[in-house]
Amino acid sequence: MLKIYNTLAREKQVFTPIQAGKVSMYVCGMTVYDFCHLGHARVMVVFDMVSRWLRTSDYEVTYVRNVTDIDDKIIKRANENNETISQLTQRFIDAMDEDSAKLGVIRPTLEPKATEYVSGMVEMIQTLINKGFAYTAANGDVFYAVNKFDGYGKLSGKSLEDLRAGERVEVDSFKQDPMDFVLWKAAKPNEPSWDSPFGGPNNGKGRPGWHIECSVMSSHLLGAHFDIHGGGQDLQFPHHENEIAQSEAAHGGVWNGEATHSHDGQPCQMVNYWMHNGFVRVDDEKMSKSLGNFFTIRTVLEKYDAEVVRFFILRAHYRSPLNYSDQHLDDAKLALTRLYTALRGHDVASNTIDWQHPQAVRFKAAMDDDFNTPEAMAVLFDLANEVNKSKSAETAGLLKSLAGVLGLLQRSPDAFLQGEATQTLNIDALIQARAEAKKAKNFAEADTIRKQLLEAGVVLEDSPQGTTWRRI
RNA sequence: GGCGCGAUAGCAAAGCGGUUAUGCCGCGGCCUGCAAAGCCGUUUAGACCAGUUCGACUCUGGUUCGCGCCUCCA
């Protein structure tokens, strides 16, 4: 029985899908104006893991991860680079796809782009205006009037009073309330814009705000009410709070203070389970663009194998902070090496998992407990120990199959252990020469060869079956 | 200032009111010509102060420290 920590309830809850056997999941994706960093990698890997576990649990999963391809930063960056917005966004969408594929991330079922849903956004904004939740300001911007939605703050646990007290930004004079957020931005010169009926100085010409896109894409693709909504912890407020306000106001019956919207599974509730993953940190500080302390995925992949990075991410619980450093990656590499070493010599395929096996039972219990991948990994290491002792192909098969559920250990052990680095030395020939030296009891020569290889980063391992090698 | 999260051995990271987490590192042994890998054993824990309890790392309260959100952010 799967339990998920639901941010909305602030506790683990038994997962019950809206439709038996099916799961609808929406995750906030990337704004594509630059290369993805490790924080993005965590979101992609974590929710990939979630979708894999749901599918392993026999759910039919519809996983939507959007692409934000219109926003202030994109417009700014395109101007700086002297390229069109679509050139810029396509370039970084391609880069993102490349990075995520390397990390073993299975493509989401659907990857809608914001620009393809602008008409839907105009429609939803109009609905919000009609219902009294939104207004066109004097400058042509359309704002959401947060005080009209009485559930505002239920996800982030903030009240409007607290938020106003903590108000740090200059109040936008066009807003009725400082907490109101923008749904539609009036067009500025040299910016892309779409037509709308919202009026104002530009006759409605403008572009959507950030929050409205997720409300529109999720409801178009998954319906007004769906199972799981995920994203980074930093999106909890204001982004996800605003999504709820938009979607539930547009789809539900909150009206003029008469709160007819309902909770817990009623048709106009937007999402049943909200999931938020923890941050990637550097020196105990959040990795972010604004702090400038970020490492892009491709930079890290120059130095570390992508599977090591995936392993590193999944070795921590998804809600915990994850400190990035070379030392931690080195550690992850050594740990993963142990698992692959156990699989070495076992020509096994990922096969059907015997869920009655005691270790599989443990694995499943861990995963069902709010996706406890660190505990599930511990099972993998215990299995590796069993394989090393018993040399059982069956146990090796179970190890590989369970790891496969996490998207790990699917390469041939030698592909991982020996890598694909260009060979400056003829390793096989040297091993052969050493074998002959050993046979002649010329251990000095044998050790010289071994040392030579070690200096080239190659470790030799003798066994009764012969000598194998791996890279450090 | 408001709201929230956390503090576990040298490092990383889980579960659990009483019984080995797990990985890396260290130490001893087995194996090996010697190593490496592997196996066996082993040293290092639970920020601090109270309380509940037969018994607390685990529950409760407080203190200290760290982090996050309240502004774009995964």
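Reckoned from all heavy atoms, side chains included, excluding hydrogens, waters and symmetry mates. Note that the structure is predicted; figures quoted are calculated from it, not measured. Chain letters run A, B, ... following the sequence lines, proteins first and then strands; every chain starts at 1.
At B/rG23, one or more side-chain N or O atoms of A/R338 fall inside 4.0 Å of OP1 or OP2 (strictly under the cut-off). One finds no side-chain N or O of A/R10 lying less than 4.0 angstrom from the OP1 or OP2 phosphate oxygen of B/rC5. Note on A/S320: a side-chain N or O is less than 4.0 Å away from OP1 or OP2 of B/rA14. Between A/K389 and B/rC40, a side-chain N or O to OP1/OP2 separation shorter than 4.0 Å is present.
Within the 4.0 angstrom heavy-atom criterion, only backbone atoms of the sugar-phosphate kind lie near A/A335; the bases stay farther away. No engagement by A/K441 is indicated, since no non-hydrogen atom pair under 4.0 Å with the nucleic acid exists. Backbone-only engagement by A/G29 is indicated by non-hydrogen atom pairs under 4.0 Å involving sugar-phosphate atoms exclusively. Among the atoms of the strands shown, none is found under 4.0 Å from any heavy atom of A/Q236. A/F237 comes within 4.0 angstrom of the backbone, heavy atoms only, and of no base. Using a 4.0 Å heavy-atom cutoff across all strands shown, A/G39 reaches at least one base atom of the nucleic acid. Contacts of A/H239 with the nucleic acid, taken as non-hydrogen atoms under 4.0 Å apart, are absent. A/T468 comes within contact range of no nucleotide atom at all, as no heavy-atom separation falls under 4.0 Å. In this structure, A/N372 reaches the sugar-phosphate backbone alone: every heavy-atom distance under 4.0 Å involves primed, P, OP1 or OP2 atoms, never a base. At the heavy-atom level, A/E461 lies under 4.0 Å from base atoms of the strands shown. No contact: A/M44 has no heavy atom under 4.0 Å from any strand. If you check every strand for non-hydrogen atoms under 4.0 Å, A/V46 touches nothing. At a threshold of 4.0 angstrom between heavy atoms, the contacts of A/L334 are confined to the sugar-phosphate backbone, with no base atom among them. Within 4.0 Å (heavy atoms only), A/N277 reaches at least one base atom of the nucleic acid.
Nucleotides B/rG61 and B/rC3 have their P atoms positioned 16 Å apart, rounded to a whole Å. Spacing of P atoms, B/rG51 relative to B/rG41, comes out at 40 Å, to the nearest Å. Here the separation of B/rU60 from B/rG4, taken at their P atoms, is 15 Å to the nearest Å. B/rG46 and B/rC39 have their C1' atoms separated by 30 Å, with the value rounded to a whole Å. B/rC57 and B/rA13 are spaced 15 Å apart, taking the C1' atom of each and rounding to whole Å. Taking atom C1' in both B/rC27 and B/rC5, the straight-line distance is 38 Å, to the nearest Å. Atom name P, nucleotides B/rA45 and B/rG62: the rounded distance is 29 Å, in whole Å. The C1' atoms of B/rA47 and B/rU8 are separated by 10 Å, rounded to the nearest whole Å.
A donor-acceptor contact under 3.5 Å is formed by the side chain of A/D462 with the base of B/rC34. Taking only distance into account, the side chain of A/R315 never meets the base of B/rA13 through a donor-acceptor pair shorter than 3.5 Å. Between the base of B/rC67 and the side chain of A/R281 there is no donor-acceptor pair shorter than 3.5 Å. Judged by distance alone, with hydrogens and angles left aside, A/K286 brings no side-chain donor or acceptor close enough to the base of B/rC67 to form a pair under 3.5 Å. Checked by distance alone, A/K73 brings a side-chain donor or acceptor within 3.5 Å of a matching partner on the base of B/rC72. Residue-to-nucleotide contacts include a donor-acceptor pair under 3.5 Å from the side chain of A/D331 to the base of B/rG23.
Atoms CG (A/L163) and C1' (B/rC69) sit 10 Å apart, rounded to a whole Å. Following rounding to the nearest Å, A/L160 (CG) and B/rG2 (P) show an atom-to-atom distance of 18 Å. One interatomic measurement links the two molecules: CG of A/D326 to P of B/rA12, which rounds to 15 Å at whole-angstrom precision. Going from atom CG of A/D180 over to atom P of B/rU71 covers 13 Å, rounded to whole Å. Summarising the geometry, the separation between CZ on A/F381 and P on B/rC24 is reported as 7 Å, rounded to the nearest angstrom. One atom, CG of A/N385, and another, P of B/rG23, lie 7 Å apart when rounded to the nearest Å. Note: CH2 (A/W274) to P (B/rG4) measures 20 Å, nearest angstrom. Remark: P of B/rC69 and CZ of A/R319 are 18 Å apart, rounded to the nearest angstrom.
B/rA21 is unpaired under the criterion used here, namely a Watson-Crick or G-U wobble arrangement in which both key atom distances are under 3.5 Å. B/rC16 makes up no base pair with any nucleotide shown, lacking Watson-Crick or G-U wobble contacts both under 3.5 Å. B/rC72: no Watson-Crick or G-U partner with both key distances under 3.5 Å is found in any strand. Figure legend. B/rC59 is base-paired to B/rG51; pairs are counted as Watson-Crick or G-U wobble with both atom distances under 3.5 Å. Base pairing annotation: B/rC39 forms a Watson-Crick or G-U wobble pair with B/rG29, both donor-acceptor distances under 3.5 Å. Base pairing of B/rC67 is made with B/rG4, judged by Watson-Crick or G-U wobble geometry with both donor-acceptor distances under 3.5 Å. Remark: B/rC34 base-pairs with no nucleotide; criterion is Watson-Crick or G-U wobble with both hydrogen-bond distances under 3.5 Å.
When the nucleotides B/rC11, B/rC67, B/rG68 are ranked by their closest atom to the side chain of A/F279, B/rG68 comes out on top. Closest to the A/A316 side chain, of the nucleotides B/rA14, B/rA74, B/rC34, is B/rA14. Side chain of A/A378, nearest nucleotide from B/rC3, B/rC34, B/rA21: B/rA21. If you check B/rG33, B/rC69, B/rU71 against the side chain of A/R450, the one that comes closest is B/rG33.
Between the CG atom of A/L453 and the CG atom of A/L430 there is a distance of 5.0 Å, given to the nearest 0.5 Å.
Using a cutoff of 4.0 Å between basic side-chain nitrogens and carboxylate oxygens, A/K73 and A/D34 are not scored as salt-bridged. Taking 4.0 Å as the cut-off between side-chain N and carboxylate O, A/R470 and A/D414 do not count as a salt-bridged pair. Between A/D330 and A/K333 no salt bridge is recorded (no basic side-chain N to carboxylate O distance below 4.0 Å). Between A/D447 and A/K451 there is no salt bridge, since no side-chain nitrogen of the basic residue lies less than 4.0 Å from a carboxylate oxygen of the acidic one.
Ranked by how close their nearest RNA chain B nucleotide is to the 5' end, A/G231 and A/E375 are led by A/E375. Projected onto RNA chain B by closest heavy-atom contact, A/L291 and A/K391 fall at different nucleotides, the more 5' of which corresponds to A/K391.
Paired with A/V45 under the rule side-chain contact (heavy atoms from CB on, under 4.5 Å), one option of A/V105, A/L38, A/T373, A/V309 passes, and it is A/V105. Of the residues listed (A/H276, A/Q13, A/E11), the one engaging A/N6 in a side chain to side chain donor-acceptor pair (under 3.5 Å) is A/Q13, and it is the only one.
A cation-pi arrangement, defined by a distance under 6.0 Å to the six-membered ring centre and an angle within 45 degrees of its axis, is present between A/K289 and A/F294.
Taking the six-membered ring wherever Trp is involved, the centroid distance between the rings of A/F295 and A/Y324 falls below 6.0 Å. Taking the ring centroids of A/Y26 and A/H229, they lie under the 6.0 Å cut-off.
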